[in-house]
Amino acid sequence: MAVPPSPEAEKALQSFIVDEGSSTVLTFTVLGASGDLAKKKIYPVLWSLFMHKLIPDDTFFVGYARSALTHEALVERLRPYLKASTDEDKARLEVFLGKLLYVQGKYDELESFQNLNTFINDKVKAAGMKVGNRVFYLALPPSVFVPVTSNLKEACMQATGGGWARVIVEKPFGRDSESFAALKAHLDSLYTEDQLFRIDHYLGKEMVQNLILLRFGNTMFNRIWNRDHIQSVVITMKEDIGTYGRGGYFDDFGIIRDVMQNHLLQVLTLVAMERPVSKSADDIRDEKVKVLKCIEPITVDDIVLGQYIGNPIPGKVDSKYGYLDDEGVPDASKTPTFATAVFKIRNERWDGVPFIIKCGKALNERKAEIRIQFKDVAADIFSNTVRNELVIRVQPNESVYLKMNVKSPGSGFEMQQTDLDLTYNQRFTGIRLPEAYERLVLEVIHGSALHFVRTDELEEAWRIFTPLLKDIDAGKVEPIKYKFGSRGPAESDAMIQKCGYHYTHYDWQSRKEAEK
């Protein structure tokens with residue numbers, strides 16, 4: 001059996017479930033149930049919630065798609081992605097699979113959604129329930145987003161017995177300022193803000209959610225979290241795999257639209273925001289928007305773009321393929337697979353401090369982290385001190401560690417660099433850290449928008465990136481070639497150093513690894 005949550009973790013997770021009495025039931029509908037996102041991510045999340053008893057056992061799970069699928073065919077499609085290790089879990093998995101329902105219908109036909117609504121109402125009434133709450137997860141491509149949201153509003157948002165209905169939507173939220181404005185106008189005409197949940201799974205990650213508490217719950221950081229003490233901030237997301245086999249999809253977006261404009265910019269706002277009035281969703285998001293409003297649009301002078309080429313690496317079959325070798329990618333594509341950008345926040349706290357975001361595919365390792373590098377020691381009497389650095393490792397091996405200088409053990413007075421290390425899987429042993437999507441789905445059920453993106457955040461994000469994206473889309477920016485398995489273009493490291501960040505040779509290891 002999966003490691004169960006500790007009593008504290010279970011209590012925190014259970015707080016997302018509103019006990020509204022036995023006469024209320026939840027229906028969770030996955031639109032696009034036959035797609036990859038549904039089978040690889042959404043249904044496994046629902047199974048995990050069900051397995052750990054974090055949602056009621058009488059919840060209805062409804063799949064909706066155009067494909068003609070029987071219950072047996074749906075189960076067969078999903079089973080490889082639903083993990084159960086013990087006899088107890090396997091028995092509970094069969095219960096979960098037996099509860100899966102499916103409705104076939106078109107995305108652009110109102111009658112199909114009316115049929116879906118009738119199906120849900122009938123299930124709720126047959127179960128003897130008076131109130132039926134609803135969650136709709138849109139695991140769908142952008143091409144059907146407009147008709148689906150229109151038909152869903154028209155036919156399915158009046159929940160049984162006056163219950164609530166909420167809609168989860170996935171990125172992309174447009175391609176630029178203009179397309180987002182059109183999408184916003186469409187959604188604003190259909191839904192209220194409390195009905196719509198724009199999911200960014202990075203906001204569900206343990207260490208990203210920890211940023212607010214780390215910053216505003218520790219006095220020692222309050223006085224030093226500013227331009228007087230911090231030299232630079234580097235936010236990194238590296239993947240060690242390329243896009244081979246899915247390059248056609250990626251080519252429509254590129255690395256900036258894929259992760260920088262959304263996931264990593266959200267992380268930047270959490271690092272840079274002022275203390276909110278409270279921990280309510282709107283108070284926190286108000287402060288995030290204020291940060292975004294202080295950032296000037298990115299230009300070609302603020303960024304290094306790259307595109308990977310093949311570089312055969314033993315054990316990595318796809319490493320021999322460059323980005324342009326994918327059949328789905330045009331031969332002359334200039335879509336970047338790598339980007340390093342420097343952001344300038346023009347406010348009293350951060351003026352002059354570069355915020356650097358670096359992200360890319362086919363790099364030398366897989367990791368996501370935040371590095372806050374502090375300034376040099378003033379009037380350094382030791383002459384060889386290295387800068388303190390607070391590192392927040394988002395993935396893998398969630399951790400927080402502070403790089404610092406100490407005296408080397410022994411009779412001498414030499415200095416060495418070490419760290420104060422909080423590695424989660426060692427400090428919090430036996431605790432299951434929920435998946436990001438799992439946390440966020442629970443928040444939707446609870447009605448909390450704390451870790452979801454608000455419209456004005458997206459407006460500002462697109463304002464920052466749209467001028468640059470237009471130049472990239474027009475082929476005006478040539479990406480620099482870099483080898484599969486490398487750190488990316490050398491120009492990226494040069495830009496980061498020019499911003500004042502000091503690279504130091506220091507191999508951080510968890511204590512367990514160091515003891516081996």
Side-chain angles (χ1 to χ4, degrees), residues 171-181 184 200 202 211 225-237 253-274 284-306 336 338-360 370-373 375 453-474 476-480 489 491-492 494-501:
K171 71 178 182 73
F173 308 116
R175 291 183 54 82
D176 50 29
S177 291
E178 292 79 8
S179 59
F180 173 71
K184 175 183 179 298
D200 184 329
Y202 245 64
L211 275 171
W225 210 269
N226 54 51
R227 64 192 299 268
D228 296 328
H229 298 91
I230 292 176
Q231 172 63 40
S232 59
V233 177
V234 181
I235 301 167
T236 302
M237 192 187 83
F253 298 95
I255 195 69
I256 294 176
R257 289 187 178 99
D258 189 37
V259 296
M260 183 180 281
Q261 181 270 344
N262 36 71
H263 304 330
L264 303 182
L265 191 63
Q266 284 290 315
V267 173
L268 182 151
T269 63
L270 292 171
V271 173
M273 63 184 270
E274 297 295 322
I284 289 174
R285 295 190 293 185
D286 285 347
E287 297 304 329
K288 290 164 65 181
V289 171
K290 289 178 185 177
V291 172
L292 293 171
K293 286 179 179 293
C294 294
I295 300 176
E296 298 175 352
I298 296 294
T299 70
V300 293
D301 295 329
D302 303 316
I303 198 162
V304 171
L305 299 177
F338 175 97
T340 295
V342 180
F343 298 79
K344 304 176 183 69
I345 302 176
R346 303 297 190 188
N347 65 14
E348 185 177 7
R349 181 181 294 273
W350 296 116
D351 190 32
V353 178
F355 278 70
I356 303 159
I357 295 181
K358 175 181 177 180
C359 52
I370 306 154
R371 290 181 174 266
I372 294 98
Q373 189 171 91
K375 292 190 172 182
V453 186
R454 202 168 64 186
T455 298
D456 48 355
E457 294 179 71
L458 290 166
E459 286 178 326
E460 292 300 323
W462 284 122
R463 174 190 61 79
I464 293 167
F465 283 101
T466 291
L468 173 67
L469 289 169
K470 287 187 178 297
D471 286 342
I472 294 173
D473 292 344
K476 295 180 180 180
V477 185
E478 191 76 34
I480 301 165
E491 289 84 347
S492 168
M495 172 182 275
I496 293 173
Q497 288 179 308
K498 186 177 179 181
C499 288
Y501 180 84

I need the minimum non-hydrogen distance between [X] and [Y], along with the two atoms involved.
{"X": "Trp462", "Y": "Phe173", "result": "NE1-O, 2.9 Å"}
{"X": "Arg227", "Y": "Lys375", "result": "O-NZ, 3.0 Å"}
{"X": "Gly306", "Y": "Pro479", "result": "C-CB, 3.7 Å"}
{"X": "Arg346", "Y": "Asp351", "result": "NH1-OD1, 3.3 Å"}
{"X": "Ala339", "Y": "Leu305", "result": "CB-CD2, 3.7 Å"}
{"X": "Ile372", "Y": "Ile370", "result": "CD1-CG2, 3.7 Å"}

Of all residues at least two apart in sequence or in a different chain, which pass the side chain to side chain contact (heavy atoms under 4.5 Å, CB included) check with Pro354? Ser232, Val342, Ile356, Cys499

Find the distance between [atom1] ([X]) and [atom2] ([Y]) and round it off to the nearest 0.5 Å.
{"X": "Lys358", "Y": "Tyr501", "atom1": "NZ", "atom2": "OH", "value": "9.5 Å"}
{"X": "Leu264", "Y": "Gln266", "atom1": "CG", "atom2": "CD", "value": "10.0 Å"}
{"X": "Arg371", "Y": "Thr236", "atom1": "CZ", "atom2": "OG1", "value": "7.5 Å"}
{"X": "Phe253", "Y": "Gln261", "atom1": "CZ", "atom2": "CD", "value": "11.5 Å"}
{"X": "Lys288", "Y": "Leu265", "atom1": "NZ", "atom2": "CG", "value": "9.5 Å"}
{"X": "Thr340", "Y": "Ile235", "atom1": "OG1", "atom2": "CD1", "value": "12.0 Å"}

Salt bridge (Lys or Arg N to Asp or Glu O under 4.0 Å) partners of [X], counting only residues at least two apart:
{"X": "Glu491", "value": "none"}
{"X": "Asp286", "value": "Arg454"}
{"X": "Arg349", "value": "Glu274"}
{"X": "Glu460", "value": "Lys293, Arg463"}

Does the side chain of [X] reach to within under 4.5 Å of the side chain of [Y], using non-hydrogen atoms?
{"X": "Ile255", "Y": "Phe338", "value": "no"}
{"X": "Val267", "Y": "Leu211", "value": "yes"}
{"X": "Val234", "Y": "Gln373", "value": "no"}
{"X": "Leu268", "Y": "Ile345", "value": "yes"}
{"X": "Asp473", "Y": "Arg175", "value": "yes"}

Is Asp302 salt-bridged to Lys344, going by a charged N under 4.0 Å from an acidic O?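 Salt bridge between Asp302 and Lys344, a charged N being under 4.0 Å from a carboxylate O: yes.
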
Considering residues at least two apart in sequence or located in another chain, which fulfil the ring pair (Phe, Tyr, Trp, His ring centres under 6.0 Å) criterion with Phe355? Trp350

Show, in sequence, the C-alpha distance, side-chain angles and deciding distance for Glu287 and Thr269, and conclude whether the side-chain contact (heavy atoms from CB on, under 4.5 Å) test is met. CA-CA 8 Å; Glu287 297 304 329; Thr269 63; over 6 Å; no

With side-chain contact (heavy atoms from CB on, under 4.5 Å) as the test, would you mind laying out the steps for Ile303 and Val477 before giving the verdict? CA-CA 10 Å; Ile303 198 162; Val477 185; 5.8 Å; no

Between Ile284 and Met273, does the side-chain contact (heavy atoms from CB on, under 4.5 Å) criterion hold? Intermediate values first, please. CA-CA 9 Å; Ile284 289 174; Met273 63 184 270; 4.0 Å; yes

